[in-house]
Structures are given as C-alpha cells and as structure tokens.
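Down below is the structure, laid out as structure tokens.
The sequence lines fix the lettering, A, B, ..., with proteins before strands; numbering per chain opens at 1. This one's a predicted model, so the numbers in the text were calculated from it and none came from an experiment.
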Amino acid sequence: MKQGIFKISQNEKLVENVYKMVLVGDTSDITACGQFINIQLDGLYLRRPISVCDCDDTSVTIIYKVVGKGTEQMSKMAVGETVDVLTGLGNGYDLSLSGDKPLLLGGGVGVPPLYMLAKELKKQGKEVSVILGFNTASEVFYENEFKALGCDVTVTTVDGSYGVKGFVTNAYPDEYTYFYTCGPEPMLKAIYKTAKTSGQMSFEERMGWGVGACMGCSCKTMTGYKRICKDGPVMQKEEILWET
Amino acid sequence: MGDLSVNLCGLEIDNPIIPASGTFGFGYEFAELYDINCLGTFSFKGTTKDARFGNPTPRIAECTAGMINAVGLQNPGVEKVISEELPQLKKCFNKKVMANVSGFAVEDYAYTCEQLDKQSQVGWLEVNVSCPNVHGGGMSFGTSPEAAAEVVRAVKAVTTKAVIVKLSPNVTDIVAIAKACEEAGADGISLINTMLGMRIDLKTRKPVIANKMGGFSGPAIFPVAVRMVYQVANAVNIPVIGMGGVSTAEDVIEMMLAGATAVEVGAANLINPYACRDIINDLPAAMDKYGIDNLKDIIGGVK
C-alpha cells in the first residue's frame, strides 16, 4: 500500500454515467491486475474504492459509474486537479492458473479490471476470449480496446440491441481453459453455476479504508473468514461460499 | 521540544496517542506503513471469549464528517488472539498494548480478561461495555450503573493490570455509570464509544447497514465527546481516556483540556492510515503554538 497525490490528466465520459479517469502519480505499488485504488474526495469522509483498469509507470486508468455522491463528484473533476490516493490495494488476479485459452467475463463496470488482465495475458501469448455484458447497446464500452489487444471479443446485451441477446453466460466459447470475471453478484453466481472450468471472481463491498484492519468488508468463505479489501477482492471459485 | 509523556494508570507512555480498538486491527497491518512504536500504545481489536464473524455486510456507511460501522465484534476469540495475534504483534511492537475485551455475560468478561491479564505484552485491559453492534451484550452492560459495576468487580477479581472501562454515550447519565465503575474498582474510564446511528438508501428505501443501525464516529461527534469527557473527568478521580472524532493535534489538546489523560484516535485511521503518526509529529508544534511545555500540565485545565 502506498499513499500518494495524483494529478488528473483525463476525465471523460465513455457512455451515459460511465467515465474514464487517468491519474498521474507514483504507481509503483500497483503490482497485480485486479487490484484497486482508494480515492479521497473533498467533503466526503470515506475514500472511494475503484478497480484499476490499466496502469503504466506513471499513470493509472480507472473507469467508474456514477452511482452516488462520490462518483458524481469525481465525474465533475477537471484535468489538472489533484487527489489523495491509496494504491496497491487487494490481491488481484492470479495469472499463473490461466492455461492457454483463458476466458474473461465482465459485466457493466465489472469490465474495467479485465482490461489490464487481458493485456498481461496477451503479453504471455495466451489466446484470450472476452465476453462483455451490458444491459443495452448505449451502455457498451471498451469493445474496441479489447479487440485492439488481439482478444476474441463477444458483446452481450440483455435487450438484444447489440451483439448476442442475453447474459454473458449465453455466450460461452466452445473451448476455454480457465475463467476470470468481475461484475454484479447475480452474474457471478450464474457463472459459478455454469462455467465448465475453475476460475477467479472479483467481488465488491462497502469498505472502511481498504487495507484490512477494520473488518468492514468481511465475508465467509470455504476457507474461513476473508476481507474483500485485503484477502480479496479476487477469490478462487472453489473458496466461494454463497450466503443467499 | 515539549514533554509529551503521560502516566496512564501507573504506566508511563511516551505520548498520549492511542489508536482506538477496531480501527487498528492487531497493529501489524499498520506496521507495514510506519513504525508503530511511535505510538503511546494502541487498543487492539475487541476480543471475546469465542471467535465471532460479526454482522452481515454492508457494515459501513458514509455520513457527513463521519461514518457508521456495524462490524459486530469480529475477532478470532481470546485463545487465538493469544496464540497467533500477540506473537505476530511482538515482531513489530515492543511496547505494552491495551487489550480490548467485550462479552455477552459477566463470566465471559472475567474469563477473557483473566487470560489476557497473564500476557506480558498487555499493559492495560480496556473493558468494552458499550458496543452498540451486538444484541444482548456489550452495550447492555454499559447502559446501567449496576450492570457496569458488576462487570468491573468480576474483572478486577481475576486480574492484576489496570482495568479501564470503555463507556457508551448512548445513555441518559454517563456520569452515574462512570462513578459506579470507579466505585467498583475501575482504574480508568475511556469514552466515548460510537453513537448509535442509522442511514437510509433513498433508492432502495432500506437501511444502508445490513444490521440497520450502527456506531456513528468521526469528526461529527467530537463536540459530544469533549462534553462527555469533561463531565466524567470532573466527576471521577481516576484517569480518563478521551476519544470520539479526534483527527488532529489540536483535537488532542482540546480533549486533554477537557480532562483526558490520554486520547484514542479511531475513525481517522481509516481515512488517513498515517493519522496517528501525523498527530504525534504535529503535537510539538501545536504545543508551542498554545504555549504548552508539558502535556501533563493541561490535563483537565478547563474548569
């Protein structure tokens, strides 16, 4: 974990209510795909945890949806403004288990953390399939970005207005060796039930500070109590215990 | 540089800054960030006789100038705290730690305190009779002078170390409870625990917190905490630890003027993980600014 001041170099709308922000600063503590950062905002007490979409030596990209006060405030921030950010939080995805043909499934703003993962898997020479799920055509983002990485990309929309009609689980490829996913809990549950292979899922929870001491985001797993912020947000399929 | 040391129930501490229970784990998460030996001490995660998972999530809600938590005393149980957490803490903290204890029956408190009292790393026992987040325990002992006194007597009978009773602000007369604890043999009083609060999500029309209500903390409750510390410190003759929304070195001085011998810092740790270190570093300049050479001199300075 590292605390640092980051400068906003980009903050633009991708689709309705979804924004992409690029923050310039010390990214040295971001060590794995699927980690998150925790952003302090003026006038708000708790930090806002957002997953890392992409990262290089000097900048980190996040994609966020406006769902409340904090994200609304973020959407109005201007290029050049600075924010206090905790980086390098969470465990991230384990790439070593991917096999040759990993499948990445993202739903809505669960798509962003898969981007950096896809990039890294492609670097390792994997044959990466990606299924991006949205409600409707106007919500679709990052299809071309994943294609540009050389991934085989399928888009699904619930209303059928774009790509395959239905959910990400309606579009499994014939063959895949392992899966990685992030998205709303009903989607994760559906994947848990229908995926043919083992895999990893990234979870979301309201957090105190994101570094593991307050027990605000605990969950029960097959292997004991875990903290989404510190032991997660990524869990192995085999350790997940659905409570409802 | 001025003198920051204070004497807390017979033990000298380098400075009065103590991270509050539940915001600092068992210390080692923070030891990855800074040398926690700079602290006066810290109060570790509330420990019960048996392991507890606590409440369902969401356990956390944002508020103006504060937050609500309803963790519900998640902890590994006293046996594992002694066999696993304390040895791990020993690697990064060479001072005495404050053991925070909660329970659901008088005998639970006594048992857990007795076990922790035997640990050489433990300097003080902070007995929490004020957790607002568990049903049928915790706070129910802290809302009546008789029940609080009964816990104190039971704990004092089986321990040798200083017993500090952590009180709830969710009562009609905190002074009566503090006095009852003092008469029962308490060596110190710490206050305030969180205030019972609630938030509602306008979209779902449901409480934000799964447990519906939770403990409200943060800068918003600071004036209430200063008032209660002042009232209690003026009514008892044992040391008082002040807490509730403390975030800056100035807040520490204000708490001490109100009557606190030492000061716990809670929610601020979650906003700025370096909060306690920063407050300790800022204290000498703040003391200079207000003409304070020795922090001990200002305890209870306001009459």
Side-chain angles (χ1 to χ4, degrees), chain A residues 1-5 29 37-49 65-73 83-90 185 203-221 224-233 241-244, chain B residues 19-34 42 44-46 51-76 201-203 208-210 214 217-220 245 247 266-275 278:
Chain A
M1 204 267 338
K2 219 172 213 178
Q3 184 176 22
I5 302 298
D29 226 45
I37 63 175
N38 216 352
I39 306 171
Q40 190 161 46
L41 297 166
D42 280 349
L44 295 178
Y45 196 63
L46 296 170
R47 290 171 182 267
R48 295 309 196 259
K65 185 176 180 179
V66 174
V67 292
K69 229 190 234 179
T71 41
E72 191 184 334
Q73 193 167 318
V83 278
D84 181 314
V85 181
L86 304 180
T87 57
L89 304 177
E185 203 166 293
F203 286 82
E204 188 175 53
E205 188 51 79
R206 281 176 186 261
M207 293 174 186
W209 72 310
V211 191
C214 81
M215 304 293 163
C217 61
S218 297
C219 66
K220 291 176 183 170
T221 74
Y225 303 155
K226 301 235 164 144
R227 300 157 293 182
I228 299 284
C229 72
K230 177 94 175 176
D231 309 309
L241 183 65
W242 301 106
E243 285 200 74
T244 47
Chain B
S21 180
T23 64
F24 214 73
F26 288 89
Y28 43 81
E29 279 93 0
F30 285 81
E32 290 173 24
L33 309 181
Y34 65 91
F42 76 93
F44 67 50
K45 176 70 191 158
R52 287 179 54 82
F53 173 68
N55 293 322
T57 54
R59 296 172 170 183
I60 304 278
E62 164 98 15
C63 304
T64 302
M67 61 180 282
I68 292 175
N69 89 82
V71 170
L73 294 172
Q74 180 176 351
N75 80 94
D201 184 320
L202 303 189
K203 285 182 196 151
V208 174
I209 299 269
S217 61
S247 314
N269 292 307
L270 308 188
I271 308 315
N272 170 16
Y274 299 97
D278 291 351

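- Contacts between Leu86(A) and chain B at a heavy-atom distance below 4.5 Å involve the side chain alone, from C-beta outward.
- Counting heavy-atom pairs closer than 4.5 Å to chain A, the top-ranked of the candidates Ala51(B), Cys63(B), Gly66(B), Gly54(B) is Gly66(B).
- Within the 4.5 Å cutoff, the side chain of Arg59(B) has no heavy atoms near those of the Cys217(A) side chain.
- The closest side-chain heavy-atom distance from Arg206(A) to Val208(B) is below 4.5 Å.
- Proximity to chain A is absent for every atom of Pro56(B), based on heavy atoms less than 4.5 angstrom apart.
- For Ala267(B), the parts lying near chain A are the backbone and the side chain together; criterion is any non-hydrogen pair under 4.5 Å.
- Per-residue heavy-atom pair counts under 4.5 Å with chain B were compared for Met207(A), Gln40(A), Met1(A), Lys220(A), and the maximum is reached by Lys220(A).
- Enclosure of atom CD in Glu204(A) is not indicated, since only 12 or fewer non-hydrogen atoms of other residues, nucleotides or ligands lie within 6.0 angstrom.
- The side-chain heavy atoms of Tyr45(A) and Pro219(B), taken from C-beta on, include a pair separated by under 4.5 Å.
- In this structure, chain A has heavy atoms under 4.5 Å from both the backbone and the side chain of Ile271(B).
- Considering all non-hydrogen atoms of both residues, Ala213(A) and Phe30(B) come closest at CB-CE1, 3.5 Å.
- Heavy-atom pairs under 4.5 Å with chain A were tallied for Tyr274(B), Tyr28(B), Phe24(B); the largest tally goes to Tyr274(B).
- The shortest non-hydrogen separation linking Thr57(B) to Glu205(A) is OG1-OE1, 2.9 Å.
- Looking at Met215(A) and Asn75(B), their side chains never come closer than 4.5 Å, going by heavy atoms from C-beta outward.
- Within the 4.5 angstrom heavy-atom criterion, no atom of Phe26(B) approaches chain A.
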Evaluate the side chain to side chain contact (heavy atoms under 4.5 Å, CB included) criterion for residues Arg227(A) and Glu29(B): first the C-alpha distance (whole Å), next the side-chain angles of each, then the deciding distance (0.1 Å), finally the verdict. CA-CA 13 Å; Arg227(A) 300 157 293 182; Glu29(B) 279 93 0; 2.9 Å; yes
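- Both the backbone and the side chain of Glu62(B) have a heavy atom closer than 4.5 Å to some heavy atom of chain A.
- Minimum heavy-atom separation, Leu270(B) to Cys214(A): CD2-CB, 3.8 Å.
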